[in-house]
2 protein chains.
Amino acid sequence: MVEPKSQSRERVLQAAESLFMKRGYEAVTVKDIAKAAGIHHASIYHHIPGGKADLFVEVTTRHLYQHQKGMRDAIVNAEDDLHSQLLAVATWLLSQPPLDFIRLTNSDLPSIDEKAADEINNLAYEAVLVPIADVLEQACLKGVVDHPNLGNVAGAILSSIQGLHAVPEPDVLNTRIYMAEQLIAVFIRGIAK
Amino acid sequence: MVEPKSQSRERVLQAAESLFMKRGYEAVTVKDIAKAAGIHHASIYHHIPGGKADLFVEVTTRHLYQHQKGMRDAIVNAEDDLHSQLLAVATWLLSQPPLDFIRLTNSDLPSIDEKAADEINNLAYEAVLVPIADVLEQACLKGVVDHPNLGNVAGAILSSIQGLHAVPEPDVLNTRIYMAEQLIAVFIRGIAK
DNA sequence: GTCTATATAAAGATAGAC
DNA sequence: GTCTATCTTTATATAGAC
């Protein structure tokens, strides 16, 4: 277990993570983050001397590793069938801030250092897409499903679950999970009669 | 046919549309738009006195109406079966700049006037989601498909097609359309053996 | 480790000449 | 209708006191 360098550095990282993931790199200011962390914005530079761009890279990387762990935990703790595993993944994804790959690719990453952008891109792929593709692959080996491009299907599952983050807030979180469950059933069985 | 107020106003609107849709409200500057339109940024305010926010509202509204028309045209010109109609919709969507609903909802719209934001939100629903839901509904009435929440399925189809805008550029546009076609088949028949 | 004060640069916007 | 010049505000960032 890694000890956080300091409590208030940690508050800064959490505030930054939540804001950057929700609104994107350009839409969030250092002052927004400082305010959410409860400190003066000048103090941010004590904790992260590299400034806004470094903060984004650190926090996005961290967020993606957290996803990697969250996804894997969800999958291993789920019942050993495709529907349960995908539902566990969806429940995890909906418990986190929206992870908007379109924005990440087209807006956030072009604003930062290219090398860092590449690393984040690769990590996003490994941490979030691959675990879903692996679940599908396992089901394929068991003979319960079959498809020539499981990566494509994994991407579609991911996109459609994340898309639920854009639906106007239903009564409770439960409802979004219910919608996710409906979608998983569609991916498995289709909507054809 | 509505005449454009002026050629250069139209160039401004097109530049703004393309940039805003790709990178979002906050990530695009008035200077970016002016440069893409080939004029000085001060001249933007001659064409759109309301400034950046008004420009975003006008251009986003216009973009959504264009989607409404593009979707309907795609559907009526397609063969009269679900797969063809959804493929036509996907082909249209992939021919346009990415329409990122997560970013629109969580980042762009909160930056502008609330009333305008509501209208854009409703329009997005009517222009893009409803046409897909209608196609599904028609297929349902014909008895070829069946699902208790076609709006949810329509949203998933939309999200997963749009998600293809985040995949690293394949060889040609065709490949994305091919991926879209694979996904449509999955939505209809599922991946279960 | 946090603040005040300040520097620097960029963005949105306006005035007015041409 | 477009430009130059300018204004104002905001954002990122630094210096230095406490």
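Keep in mind that the numbers below use all heavy atoms, side chains included, and drop hydrogens, waters and symmetry copies. Computed from a predicted structure; not experimentally measured. Just so we're on the same page: letters track the sequence lines, and every chain starts at 1.
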Separation of [X] atom [atom1] from [N] atom [atom2], in whole Å?
X: A/K35; N: D/dA11; atom1: NZ; atom2: P; answer: 12 Å
X: B/K31; N: D/dT6; atom1: NZ; atom2: C1'; answer: 12 Å
X: B/Y45; N: C/dA15; atom1: OH; atom2: P; answer: 13 Å
X: A/I33; N: D/dT10; atom1: CD1; atom2: P; answer: 18 Å
X: B/H40; N: D/dT6; atom1: NE2; atom2: P; answer: 13 Å
X: A/H46; N: C/dG1; atom1: NE2; atom2: P; answer: 4 Å
X: B/I44; N: C/dT14; atom1: CD1; atom2: P; answer: 13 Å
X: B/L55; N: C/dG12; atom1: CG; atom2: P; answer: 11 Å

Determine, step by step, whether B/I132 and B/I75 satisfy the side chain to side chain contact (heavy atoms under 4.5 Å, CB included) criterion, reporting the C-alpha distance in whole Å, the side-chain angles of both residues, the deciding distance to 0.1 Å, and the verdict. CA-CA 9 Å; B/I132 300 178; B/I75 292 164; over 6 Å; no

Between OH of A/Y25 and CD1 of A/I112, what distance do you get to the nearest 0.5 Å? 7.5 Å

Return the nearest nucleotide to the side chain of [X]; candidates are [options].
X: A/A42; options: D/dA5, C/dA5, D/dT12; answer: C/dA5
X: B/I39; options: D/dA11, D/dA15, D/dC3; answer: D/dC3
X: B/K52; options: D/dT2, D/dA11, C/dG12; answer: C/dG12

Over all strands shown, is [X] touching base, sugar-phosphate only, or nothing at heavy-atom distances under 4.0 angstrom?
X: B/S43; answer: base
X: B/V12; answer: nothing
X: A/H47; answer: sugar-phosphate

Is the number of heavy atoms from other residues, nucleotides or ligands within 6.0 Å of NZ (A/K142) greater than 12? yes

Check whether any side-chain N or O of A/S6 sits under 4.0 Å from OP1 or OP2 of C/dG1, and answer yes or no. yes

Would you say A/T29 reaches D/dT10's phosphate, i.e. side-chain N/O to OP1/OP2 under 4.0 Å? no

Taking atom types as they are modelled, would you say the side chain of A/H41 forms a donor-acceptor pair with the base of D/dA11 within the 3.5 Å cutoff? no

Are A/L93 and A/Q162 packed together at the side-chain level, in the sense that at least one heavy-atom pair is separated by less than 4.5 angstrom? yes

Minimum-distance pair of heavy atoms, taken over all atoms of B/L82 and B/V135: CD1-CG1, 3.5 Å

